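Following: one structure in structure tokens, then a few remarks.
Quick note on labels: first sequence line is chain A, next is B, and so on, each numbered from 1. For clarity, every value in this text was computed on a predicted model and none was experimentally measured.
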Protein chains: 2
Amino acid sequence: MSTTRQQIIEKTSELFERQGYHATGLNQIVSESETPRGSLYYYFPEGKEELAAEAVWYKVHHMSAYVRQRLTGYPDAIEAIYQLMMEMADHAEQQHCSAGAPIAAVALETAGSNERLRQTCQAAYAMMQKPFEEKLLAGGFAPDRAEALAITINAVLEGAVILSRTARESQPLRVVAAEIKTLLQCSSPTA
Amino acid sequence: MSTTRQQIIEKTSELFERQGYHATGLNQIVSESETPRGSLYYYFPEGKEELAAEAVWYKVHHMSAYVRQRLTGYPDAIEAIYQLMMEMADHAEQQHCSAGAPIAAVALETAGSNERLRQTCQAAYAMMQKPFEEKLLAGGFAPDRAEALAITINAVLEGAVILSRTARESQPLRVVAAEIKTLLQCSSPTA
DNA sequence: GTCTATACGGTGATAGAC
DNA sequence: GTCTATCACCGTATAGAC
């Protein structure tokens, strides 16, 4: 795998996360990634759509692996998820709540106009849901409960990141972390 | 208030909801709103930014009024909120999950580049939070609990709408409705 | 693999007539 | 209030040389 190609993908996913799909031009991607101008259509012959799909895919692999790894830090599922969410709030605060929701940024702009990217984002969300579902299963939750709770965690995280970005405040992320903890506790099979 | 001006605002908010900010051009707004071409800069001399702020503002007034009205339908706060969320899922399904998250669409694309629109979206989210907070307060929840839960509802709704749009499936909305009901029940002061 | 030049359409915005 | 003409700029994409 060439470094150039990977550099383009990483910069694209970074720019999508900060600016969204339509606001990110191919020119900006090339110039900020400090990549040869001629390489873009060499590595991504189908143009922006192909590049965007790869960028989303790359980002979600990275994020879901991070989540899965972090969730192993605490044996208890509820505590692990709570600590992860608080850690995300710390992360957001460090970068002044300027980023987050990389899938949503692409999904909202393209779901209605580009079927390929819509499907990519759909698969991305499914992938983000899995680590939570697995951890809850391992924690003794019934399969249907684990799935419903993982969907809820996925949704509330996405929403809270957007609220935090908009308000430039990590508070929404911290609030929902505590509420999800409560929900998990009163849904716990051992409760 | 002229009809032309209002038509432009309504069509703009509709297009933002479906396509986002950058994908929606002034030309499209004029042509689809069937409005005189020359009127746009007459009513909105500051251009797209001013129009966008008004469109977000209009939409959020409309939505928060709808939510507040619907929450009066059931005396019990928990049941009222649950029914409202399920109603939103029905709505989404009727339009094939093609819309929703009108604030998020603008917020994600502009929060990092346009301070005015960022603040508008921030105020919009605050406005969306209020009806839930009020209903919970009236239902006997302590002020700080009502606020935290309203923030969570706001976040989970925004996230679930995005998940539903992306998957073309109302299931995420229905799932989070049930989970929020559980959370409210086990947070209830009368429980 | 990379470069440059270029095509073509669309963007937000302005000026000046009516 | 509205229209038209026009602006400069930007977007993605392609062709052909090296």
Side-chain angles (χ1 to χ4, degrees), chain A residues 1-56 105-106 108-118 120, chain B residues 1-56 105-106 108-118 120:
Chain A
M1 246 195 286
S2 85
T3 299
T4 297
R5 187 184 146 93
Q6 189 57 23
Q7 267 180 280
I8 295 174
I9 290 175
E10 288 178 27
K11 180 54 74 174
T12 301
S13 88
E14 179 196 324
L15 290 173
F16 279 179
E17 183 168 354
R18 293 207 321 255
Q19 310 174 337
Y21 180 84
H22 284 103
T24 301
L26 265 18
N27 288 339
Q28 191 186 10
I29 292 170
V30 166
S31 73
E32 287 199 30
S33 66
E34 286 169 338
T35 262
R37 298 194 90 77
S39 298
L40 215 162
Y41 280 91
Y42 175 79
Y43 289 112
F44 307 94
E46 292 165 67
K48 191 179 185 178
E49 178 184 321
E50 182 183 6
L51 171 55
E54 297 259 24
V56 169
V106 177
L108 277 174
E109 290 187 64
T110 65
S113 59
N114 188 314
E115 180 61 12
R116 175 183 185 175
L117 291 179
R118 200 212 104 233
T120 302
Chain B
M1 247 196 283
S2 85
T3 298
T4 297
R5 187 185 145 94
Q6 189 58 22
Q7 268 179 280
I8 295 175
I9 290 175
E10 289 179 26
K11 180 55 75 175
T12 300
S13 88
E14 178 196 324
L15 290 173
F16 280 180
E17 185 168 354
R18 293 209 319 257
Q19 310 174 337
Y21 180 84
H22 284 103
T24 302
L26 264 20
N27 288 339
Q28 190 185 12
I29 292 170
V30 166
S31 72
E32 287 199 29
S33 66
E34 287 170 336
T35 264
R37 298 193 91 78
S39 299
L40 215 163
Y41 280 92
Y42 173 79
Y43 289 113
F44 308 95
E46 292 166 66
K48 191 178 185 180
E49 178 185 322
E50 182 185 4
L51 171 54
E54 297 259 25
V56 169
V106 177
L108 277 174
E109 289 187 64
T110 65
S113 59
N114 187 315
E115 180 60 12
R116 176 182 184 176
L117 291 179
R118 201 213 102 232
T120 302

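In this structure, the OH atom of A:Y42 is 17 Å from the C1' atom of D:dA15, given to the nearest Å. One atom, CD of B:Q19, and another, C1' of C:dG10, lie 14 Å apart when rounded to the nearest Å. The nearest whole Å value for the distance from the OH atom in B:Y41 to the P atom in C:dT11 is 12 Å. Separating the CD1 atom of A:I8 from the P atom of C:dG1 is a distance of 12 Å, rounded to the nearest angstrom. One atom, CG of A:L51, and another, C1' of D:dG11, lie 15 Å apart when rounded to the nearest Å. If you measure from atom CD of A:E46 to atom P of D:dT14, you get 11 Å, rounded to the nearest angstrom. The distance from atom OH of B:Y21 to atom C1' of C:dT11 is 11 Å, rounded to the nearest whole Å. The separation between A:I29 atom CD1 and D:dA13 atom P is 11 Å, rounded to whole Å.
Note that the CZ atom of A:R5 and the CZ atom of A:F44 stand 4.5 Å from one another [nearest 0.5 Å].
Nearest nucleotide to the B:K48 side chain, out of C:dG12, D:dT12, D:dC3: C:dG12. Each of D:dT2, D:dT12, C:dT2 was ranked by its minimum atom distance to the side chain of B:S39; first place goes to D:dT2. Residue B:N27 has its side chain nearest to C:dT11 when only C:dG12, C:dT11, D:dT2 are considered. With D:dT2, C:dC3, D:dA13 as the choices, the nucleotide that has an atom nearest any side-chain atom of A:L26 turns out to be D:dA13. Closest contact between the side chain of B:R37 and the listed nucleotides D:dC3, D:dT14, C:dA13 involves D:dC3.
Residue contacts for A:T35: at a heavy-atom cut-off of 4.0 Å it reaches no nucleic acid atom on any strand shown. Nucleic acid contact class of B:Y43 (heavy atoms, under 4.0 Å, all strands): sugar-phosphate only.
Residues B:P36 and A:P45 both approach DNA chain D. Their nearest nucleotides, taken by heavy-atom distance, put B:P36 toward the 5′ side.
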| message | With side chain to side chain contact (heavy atoms under 4.5 Å, CB included) as the criterion, how do A:T4 and A:Y42 come out once you've worked through the C-alpha distance, each side chain's angles and the decisive distance to 0.1 Å? | response | CA-CA 11 Å; A:T4 297; A:Y42 175 79; over 6 Å; no

| Derivation and outcome, side chain to side chain contact (heavy atoms under 4.5 Å, CB included), residues A:L51 and A:I8 | CA-CA 8 Å; A:L51 171 55; A:I8 295 174; 3.8 Å; yes

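Summarising the local packing, CD of B:E115 is surrounded by more than 12 heavy atoms from other residues, nucleotides or ligands at distances under 6.0 Å.
Pairs passing the salt bridge (Lys or Arg N to Asp or Glu O under 4.0 Å) check and including a residue from residues 18-30 of chain B, sequence neighbours excluded, read B:E14-B:R18.
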